[in-house]
Amino acid sequence: MNLPKAYDPNKYEPNIYAMWETSGAFVPKGQGDPYSIVMPPPNANGNLHIGHALSFQLEDLLVRYHRMKGRDAILIPGADHAGFETWVVYEKELQKQGKSRFDFSREQLYSQVWDFVDQQRGNMELQLRALGVGASWNDLVFTLDEKVIRTAYSTFKKLWDEGSIYRGERIVNFCTVHQTSFADIEVEHKTEKGTLWKIAYPSLDRITEIVVATTRPETMFGDVAIAVHPDDERYKALIGTNVLLPLTDREIPIIADEYVDPTFGTGVLKVTPAHDPNDFEVGERHKLAPIQVIDFDGTMINTPPQFLGLPAEEARKRVLVALEAQELRRGEASIEHAVGHCYKCGSVIQPLIKDQWFISMKPLAQRAKQALEAKEITFTPDSKRLAVIQYLDTIRDWNLSRQIPWGIPIPAFQNEANPDDWIYDERVNEDRIVVNGATYIRESDTFDTWFSSGQWPFIATDYLEQGPLARFYPNSVMETGADILYPWVARMIMLGLKVTDTVPFTHVYLHGLVLDENGQKMSKSRGNVINPMETITAYGSDALRLGVVASRSAGQNQAFSTTKVVAGRNFCNKLWNIARFIEDKLGESYQPVAPEPLSIADHWIVRELNQTASTIDSLLAEYRFAEAAETIYHTIWSSVADWFIESSKQDTNPALMAAVLDTCLKLAHPFAPFVTETIWQTLSWHDDMLISQPWPTVAPYDEIAAAEFERLQKLVSEIRFVVAELPGNKKYTLLYESDALIADNAELIRHLAKLAGVEHVDTPRGLQLAASGREAWLDIDDETRYEHQSNLERRLVEARQLVKMLTSRLSNENYVQKAPPALVEESQKQLVETTELIDKLQHELDVVA
RNA sequence: GGACCCUUAGCUCAGUUGGCUAGAGCGCGUCAUUGACGUUGACGAGGUCGGAGGUUCGAGUCCUCCAGGGUCCACCA
């Protein structure tokens, strides 16, 4: 025996991973039906967090399992340039150096960030290896790889050519801190308390006035009209007249628009097309040109001099004071309203007008919706499929433009002489190009990163170019976080259908957030982040996998639990020691022999393992990872270790023990890849790798023998139970009169039940073991027996309650008629058995008395 | 404003189409024991499944309402 007593994961994991990787175990073999998962690419220059561990370990689990099931399986890794995230980090770096983005050209910035990311790269990939994630590393795709850009461009052109891409002045969500716009979905709305101010706009003769209600008085200099509902009797007469815009000498008209809600505020809306999306639409309808009064840096422009250049917040205060001075304020009310914030810095998102590139989403969404309704893609949990459908119903056009240098340049050029003339051209390295004699200037914006990552499944498989991995498209499963269902999953579906004319994957599995042990969201600011690498150092990679997969269901945010990681570590150690025991029994020179079950324990364990394999099959088919993990845990710990191994100490069947160990390792491998492979490598009868083994097939056994063992278990359990209740720590002798099971397995029963002996007698004495229904007695003296009386009484009461319940159930005619016959029969059988038990217990009590 | 989810043992959570006496890990109690494993073994205690109705022979599971917690979506100034 050269294996140490305890499994030390850190000692083996790196070597095992290196063996897999260098031997090409993660590379698809080209045989069998393709099975593919494309990894949601983690940030190339970041570290993995515990949510990544869950995500990637689930993906790896699926791929390992399907590989063993004979599929041509691949897990395609990725790395994300994480446009905005990385840019924010880099801009902070610049700040530290006392520089800003304006000190450099776009090309300079791009190459600086590239170097910055390059320095950090590799961490994440090492961490994936530590997690045991068996990715096909040569197929890794970085989101700024040339082929990603190529595909993004061809898709953009396709959409452009068919008119789905348009450039337009629209209200965009602009972060004045980060100097970029966001898609609607990226804006974080928070409900806040605000103030609704009422402000009087005087008529031209200054005799009457109309009172508007607004939460943003500072935008009043951008007002181009006052709007009321056309049917609002209070204001009907005023429609078409002009009022004076306070603090200015500008006149604006009163217009009628259905959009105005007469019950809100004063029923009068100030129309500020440049700074509110609704007002923008009202303005368009009434052909009113917007006036921008907040600049892209968040300060005031186009205002009277005293407000010029002030930050918007400050301007608001001063405007209110100025209005007060002119006695134009007509009260205020506090309201709760949703305010958009930048999800990164938390500052208020300004709705501003900007020329941006948009995709018309309605047609894409319709197509995706049909596919989802037809269940061309299934979801776990299914409720998320319905959620996506609902999202698609209300989708708005997608703003693709980002004012961030770190990203894929938008391949568009504008005619210097004619601003409305835009052309598609991929020469994005040129500032200006000449086409047909006209000079065109390059668009300075980059794509929203989701535009390229939305095409990830067919990019990573080179499907459009029919590369070597093209057979892996569509992907088998998209496994990702429920939090990016809309920004990512929905878009992959839409773009996949659009570009490849097929769904990008056939199943979506969504995991929830891993919360901290108290159920709180993990965040750096809270300081409650669990680093998966530290967990691996402390407990091992398999322990982390088992712990994080256990008791977790799809789509639910659930707490991390160290106790489950500990349980996982203990399980690995258990498996290790099962192997140690078996290897010790077999000896170092063991040569494999065809296994054949001989003892009743042998037949039973073969049946159990068959059952476990098929249970895991059906659970994984439904993505019930936690239950599958629990199944293998209990099979190995209880059935194999506590019963089979213990039995084997009495009756050794080397070939079968070896086969049982092999089967356990295979079944457990997707859930605990490192320890199982480590053990496999120590087995003298294998010179290959576990990772490449086929999933266990059904092995033959004898059902009668297996059932015998079950009866033996029942007897042993009863003996243990009764003995535990008896006073003192004595060892007892089991007596039997005529019982073949006991006679044939006397030594085994003695060992399992820790008895002094098992003896055949002609006249039984002592305490009869009633519950297991055997002709067997524990040889106890009268005094002990007397002390045991209360236990007998207690069990008698329990048995009588059960009889009462069964009797009433069976006397219910509806039950007998409507319940499935098997259930009724079961109840009847149980009633008979329990009645017999009562007789025996009663008899025992009579003897004592 | 809309939608979805959660509430089960002390803690963290499972529980497919309704099926009988609701499970796991950890924790807790009693006991055992130096040779596979103390990262162990045996035995046990602990839950009227958030509350109230309803459907059903039968409800943790389906329906309605209520309470508490959470998430997502949303252009009411």
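To find a chain, count down the sequence lines: A is the first, B the second, and so on, and within it residues start at 1. Scope of the values below: all heavy atoms of this structure, side chains included, with no hydrogens, waters or symmetry mates.
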Do [X] and [Y] have side-chain atoms, one donor and one acceptor, less than 3.5 Å apart?
{"X": "A:Tyr815", "Y": "A:Ser827", "answer": "yes"}
{"X": "A:Lys270", "Y": "A:Thr219", "answer": "yes"}
{"X": "A:Gln350", "Y": "A:His275", "answer": "no"}
{"X": "A:Tyr259", "Y": "A:Asp279", "answer": "no"}
{"X": "A:Asn173", "Y": "A:Ser181", "answer": "no"}
{"X": "A:Thr682", "Y": "A:Glu583", "answer": "yes"}

Got a list of protein N/O to nucleotides 56-58 of chain B N/O distances below 3.5 Å?
| unit_1 | atom_1 | unit_2 | atom_2 | d |
| --- | --- | --- | --- | --- |
| B:rC57 | OP1 | A:Lys818 | NZ | 2.1 |
| B:rC57 | O2' | A:Asn812 | ND2 | 2.9 |

Nearest to the side chain of [X] - [options]?
{"X": "A:Thr563", "options": "B:rG25, B:rG15, B:rA77", "value": "B:rG25"}
{"X": "A:Glu627", "options": "B:rG15, B:rA77, B:rU39", "value": "B:rG15"}
{"X": "A:Tyr633", "options": "B:rA77, B:rG25, B:rU40", "value": "B:rG25"}

Discussion item. Run the ring-ring contact (aromatic ring centres under 6.0 Å, His included) test on A:Phe379 and A:Tyr623 for me, step by step, so that the C-alpha distance in whole Å, both residues' side-chain angles and the decisive distance to 0.1 Å come before the verdict.
Written reply: CA-CA 10 Å; A:Phe379 279 64; A:Tyr623 302 92; over 10 Å; no
Measure from [atom1] on [X] to [atom2] on [N] and round the result to the nearest Å.
{"X": "A:Phe581", "N": "B:rG41", "atom1": "CZ", "atom2": "P", "result": "14 Å"}
{"X": "A:Lys384", "N": "B:rC4", "atom1": "NZ", "atom2": "C1'", "result": "7 Å"}
{"X": "A:Arg385", "N": "B:rC72", "atom1": "CZ", "atom2": "P", "result": "22 Å"}
{"X": "A:Asn557", "N": "B:rG69", "atom1": "CG", "atom2": "P", "result": "17 Å"}
{"X": "A:His751", "N": "B:rG35", "atom1": "NE2", "atom2": "C1'", "result": "13 Å"}
{"X": "A:Asn729", "N": "B:rU30", "atom1": "CG", "atom2": "C1'", "result": "10 Å"}
{"X": "A:Lys521", "N": "B:rU71", "atom1": "NZ", "atom2": "P", "result": "6 Å"}
{"X": "A:Leu546", "N": "B:rA24", "atom1": "CG", "atom2": "C1'", "result": "14 Å"}

Short side-chain N/O contact from [X] to OP1 or OP2 of [N], under 4.0 Å:
{"X": "A:Asn577", "N": "B:rU39", "value": "no"}
{"X": "A:Arg552", "N": "B:rG15", "value": "no"}
{"X": "A:Arg569", "N": "B:rU39", "value": "no"}
{"X": "A:Trp637", "N": "B:rG41", "value": "yes"}
{"X": "A:His634", "N": "B:rG25", "value": "yes"}
{"X": "A:Lys5", "N": "B:rC37", "value": "yes"}
{"X": "A:His189", "N": "B:rC73", "value": "no"}

Could you check whether [X] gets within reach of a base, just the sugar-phosphate, or nothing at all, counting any heavy atom under 4.0 Å?
{"X": "A:Arg216", "value": "nothing"}
{"X": "A:Ile171", "value": "nothing"}
{"X": "A:Ser553", "value": "sugar-phosphate"}
{"X": "A:Phe264", "value": "base"}
{"X": "A:Thr215", "value": "sugar-phosphate"}
{"X": "A:Asp642", "value": "sugar-phosphate"}
{"X": "A:Ala626", "value": "nothing"}
{"X": "A:Tyr486", "value": "sugar-phosphate"}
{"X": "A:Ala641", "value": "base"}

Using atom [atom1] of each nucleotide, how far apart are [N] and [M] to the nearest Å?
{"N": "B:rA36", "M": "B:rG41", "atom1": "P", "result": "13 Å"}
{"N": "B:rC13", "M": "B:rU8", "atom1": "P", "result": "9 Å"}
{"N": "B:rC37", "M": "B:rU16", "atom1": "C1'", "result": "36 Å"}
{"N": "B:rA22", "M": "B:rG47", "atom1": "C1'", "result": "9 Å"}
{"N": "B:rA77", "M": "B:rU71", "atom1": "P", "result": "22 Å"}
{"N": "B:rG27", "M": "B:rC65", "atom1": "P", "result": "43 Å"}
{"N": "B:rU30", "M": "B:rG15", "atom1": "C1'", "result": "30 Å"}
{"N": "B:rA24", "M": "B:rC63", "atom1": "C1'", "result": "31 Å"}

Discussion item. Run the salt bridge (charged side-chain N to carboxylate O under 4.0 Å, His left out) test on A:Glu218 and A:Arg216 for me, step by step, so that the C-alpha distance in whole Å, both residues' side-chain angles and the decisive distance to 0.1 Å come before the verdict.
Written reply: CA-CA 5 Å; A:Glu218 73 278 13; A:Arg216 306 189 59 196; 3.5 Å; yes
Worksheet item: Given A:Arg809 and A:Glu826, is the salt bridge (charged side-chain N to carboxylate O under 4.0 Å, His left out) satisfied, shown in steps?
Response: CA-CA 12 Å; A:Arg809 181 186 298 158; A:Glu826 178 76 27; over 6 Å; no
Exam field: side chain [X] to backbone [Y], donor-acceptor pair closer than 3.5 Å:
{"X": "A:His507", "Y": "A:Thr378", "value": "yes"}
{"X": "A:Arg720", "Y": "A:Leu715", "value": "no"}
{"X": "A:Glu186", "Y": "A:Ala183", "value": "yes"}

When you measure only distances, ignoring hydrogens and angles, does the side chain of [X] come within 3.5 Å of the base of [N] through a donor and an acceptor?
{"X": "A:Gln830", "N": "B:rU21", "value": "yes"}
{"X": "A:Lys649", "N": "B:rA36", "value": "yes"}
{"X": "A:Lys574", "N": "B:rC37", "value": "yes"}
{"X": "A:Glu646", "N": "B:rA36", "value": "yes"}

Worksheet item: Given Watson-Crick or G-U pairs with both distances under 3.5 Å, what dot-bracket string fits RNA chain B, with | for other-strand pairs and [ ] for crossing?
Response: (((((((..((((.....[...)))).((((((....).))))).....(((((..]....))))))))))))....
Practice prompt. Could you tell me whether A:Lys384 sits above the aromatic face of A:Tyr509, with NZ or CZ closer than 6.0 angstrom to the six-membered ring centre and within 45 degrees of the axis?
Written response: no
Item to complete: Please tell me which of A:Ala550 and A:Val260 maps to the more 5' nucleotide of RNA chain B, matching each residue to the nucleotide holding its nearest heavy atom.
Response: A:Ala550
Practice prompt. Tell me which of A:Lys270 and A:Trp643 sits closer to the 5' end of RNA chain B, going by the nucleotide each one is nearest to.
Written response: A:Trp643
Worksheet item: Do A:Ile171 and A:Leu352 have side chains that get closer than 4.5 Å, going by heavy atoms?
Response: no
